[in-house]
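Computed from heavy atoms alone, side chains included, the values below leave out hydrogens, waters and symmetry copies. Note that the coordinates shown come from a computational prediction; the quantities given were computed from them, not determined experimentally.
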Amino acid sequence: MCGFDKEKGPGWLMKKGFTLILVGHINFILGAIVHGSILRHISKPNNQITTEFTAANIISVTSGLLSIATGIIAILVSRNLPVWKLHIGLLISSFLNALLSAACGIGLLLAISLTITNEGRGLMMGCNFTDQPINARSPVNADCPFDTTRIYDTTLSLWFPCVLLAGLETGLSIWCFVVGLVLRGLGPCSHAYLKEQLEEEALTNRAAADPEYSPQGQSLIG
């Protein structure tokens, strides 16, 4: 990663940015489908709150939005490498997105494990059933405000891709964070030569704009 160079690096960063935007959109859409078709009916049924489902889905949607923002910043950085403010923005957004995406993956794995262990009983909490509880795979008809047909399989089939996307978002965000460190010359990549290249380019541009400016004279004075 410390080998991020001025020629190939911007192209790779732009590709990672576009990938983050695409993955973020897909993750956001899947999270919205899960919430709109399933979780909104069981978020507060009979004063019983399914915290693990709701929290995991909210984090998933938020992670998708933050991934889109991080991807946009990464593209801007790839086109404007000398701008240090964009470096800071990339560092902050990628760090927060890596944490949020990791939390999203863990939360979804928890929700999936609870759903499989309880045979989908948590998905049926919004239904008015008798004293005998039913699960999502039960053939017994229940009075539910939503369609119970294949609700168990549908929920899991949407959650599993979200977990994979969350893992991809985490990896891409970590990559962008390390690139931000390279651009600022921080951390384990503090001795990378890219920062020196950018500073040299900035001095060259300043000298071209101001003929009276002398980089050598500036260094001697310093």
Side-chain angles (χ1 to χ4, degrees), residues 1-6 8-40 43 51-112 158-190 192 194-195 198 202:
M1 184 62 65
C2 291
F4 181 89
D5 59 75
K6 185 179 176 182
K8 298 181 180 179
W12 281 104
L13 184 59
M14 180 176 291
K15 291 179 181 178
K16 296 296 189 297
F18 279 120
T19 304
L20 269 174
I21 293 175
L22 177 61
V23 172
H25 273 94
I26 297 176
N27 204 9
F28 176 80
I29 292 173
L30 290 179
I33 293 175
V34 173
H35 179 79
S37 60
I38 300 167
L39 297 186
R40 68 185 179 90
S43 59
T51 307
E52 65 279 2
F53 293 156
T54 305
N57 199 64
I58 291 176
I59 295 175
S60 178
V61 172
T62 306
S63 174
L65 292 175
L66 188 55
S67 295
I68 295 173
T70 304
I72 294 175
I73 295 176
I75 294 174
L76 292 176
V77 172
S78 68
R79 302 297 299 271
N80 302 276
L81 287 181
V83 182
W84 66 271
K85 293 182 179 180
L86 291 177
H87 303 167
I88 303 300
L90 181 64
L91 284 172
I92 295 175
S93 62
S94 59
F95 178 76
L96 294 178
N97 194 46
L99 292 180
L100 192 61
S101 297
C104 172
I106 295 174
L108 289 174
L109 287 175
L110 175 62
I112 290 173
L158 292 173
W159 271 344
F160 277 114
C162 286
V163 172
L164 297 177
L165 293 175
L168 182 58
E169 288 174 346
T170 303
L172 291 173
S173 298
I174 293 175
W175 191 90
C176 290
F177 179 75
V178 175
V179 169
L181 293 178
V182 172
L183 294 175
R184 296 310 308 153
L186 301 174
C189 299
S190 58
L194 180 59
K195 183 181 179 181
L198 295 177

*In Å, rounded to the nearest 0.5 Å, how long is the span from CG of Leu30 to CG of Leu108?*
10.5 Å

*Any chance you could measure Leu90, atom CG, to Ile75, atom CD1, to the nearest 0.5 Å?*
11.5 Å

*Of all residues at least two apart in sequence or in a different chain, which pass the ring-ring contact (aromatic ring centres under 6.0 Å, His included) check with Phe28?*
none

_Strictly by side-chain hydrogen bond (donor to acceptor under 3.5 Å, both in side chains), give each pair with a member in residues 15-24 just once, sequence neighbours left out._
none

_For the student: nearest non-hydrogen atoms of Ile73 and Ser93, plus distance_ = CD1-OG, 3.6 Å

_Can you give me the closest heavy-atom contact between Leu20 and Ser173, atom names plus distance?_
CD2-OG, 4.3 Å

*When rounded to the nearest 0.5 angstrom, what distance separates SG in Cys162 from CG in Asn27?*
5.0 Å

*Those residues that, when tested against Leu76, pass side chain to side chain contact (heavy atoms under 4.5 Å, CB included) (two or more places apart)*: Ile72, Leu86

*How many angstroms lie between atom OG1 of Thr70 and atom CG of Leu65, to the nearest 0.5 angstrom?*
10.5 Å

*Apply ring-ring contact (aromatic ring centres under 6.0 Å, His included) to Phe95 and list each qualifying residue two or more places apart in sequence or on a separate chain.*
Phe177

Check: residues 98-107 side-chain donor-acceptor pairs under 3.5 Å, at least two apart:
unit_1: Ser101; atom_1: OG; unit_2: Ser63; atom_2: OG; d: 3.0
unit_1: Ser101; atom_1: OG; unit_2: Asn97; atom_2: O; d: 2.8
unit_1: Ser101; atom_1: OG; unit_2: Glu169; atom_2: OE1; d: 3.2

_Interatomic distance, Ile26 atom CD1 to Ser67 atom OG [nearest 0.5 angstrom]_ = 11.5 Å

*Is any side-chain heavy atom of Trp159 less than 4.5 Å from a side-chain heavy atom of Leu109?*
no

_Ile92: side chain to side chain contact (heavy atoms under 4.5 Å, CB included) partners, not counting sequence neighbours_ = Ile88, Leu96

*Can you check whether Val77 reaches Val179 side chain to side chain, under 4.5 Å on heavy atoms?*
no

*Taking His87 for the side chain and Leu81 for the main chain, is one N or O donor matched with an acceptor at less than 3.5 Å?*
yes

*What's the spacing between Ile59 CD1 and Leu66 CG if we round to 0.5 Å?*
12.5 Å

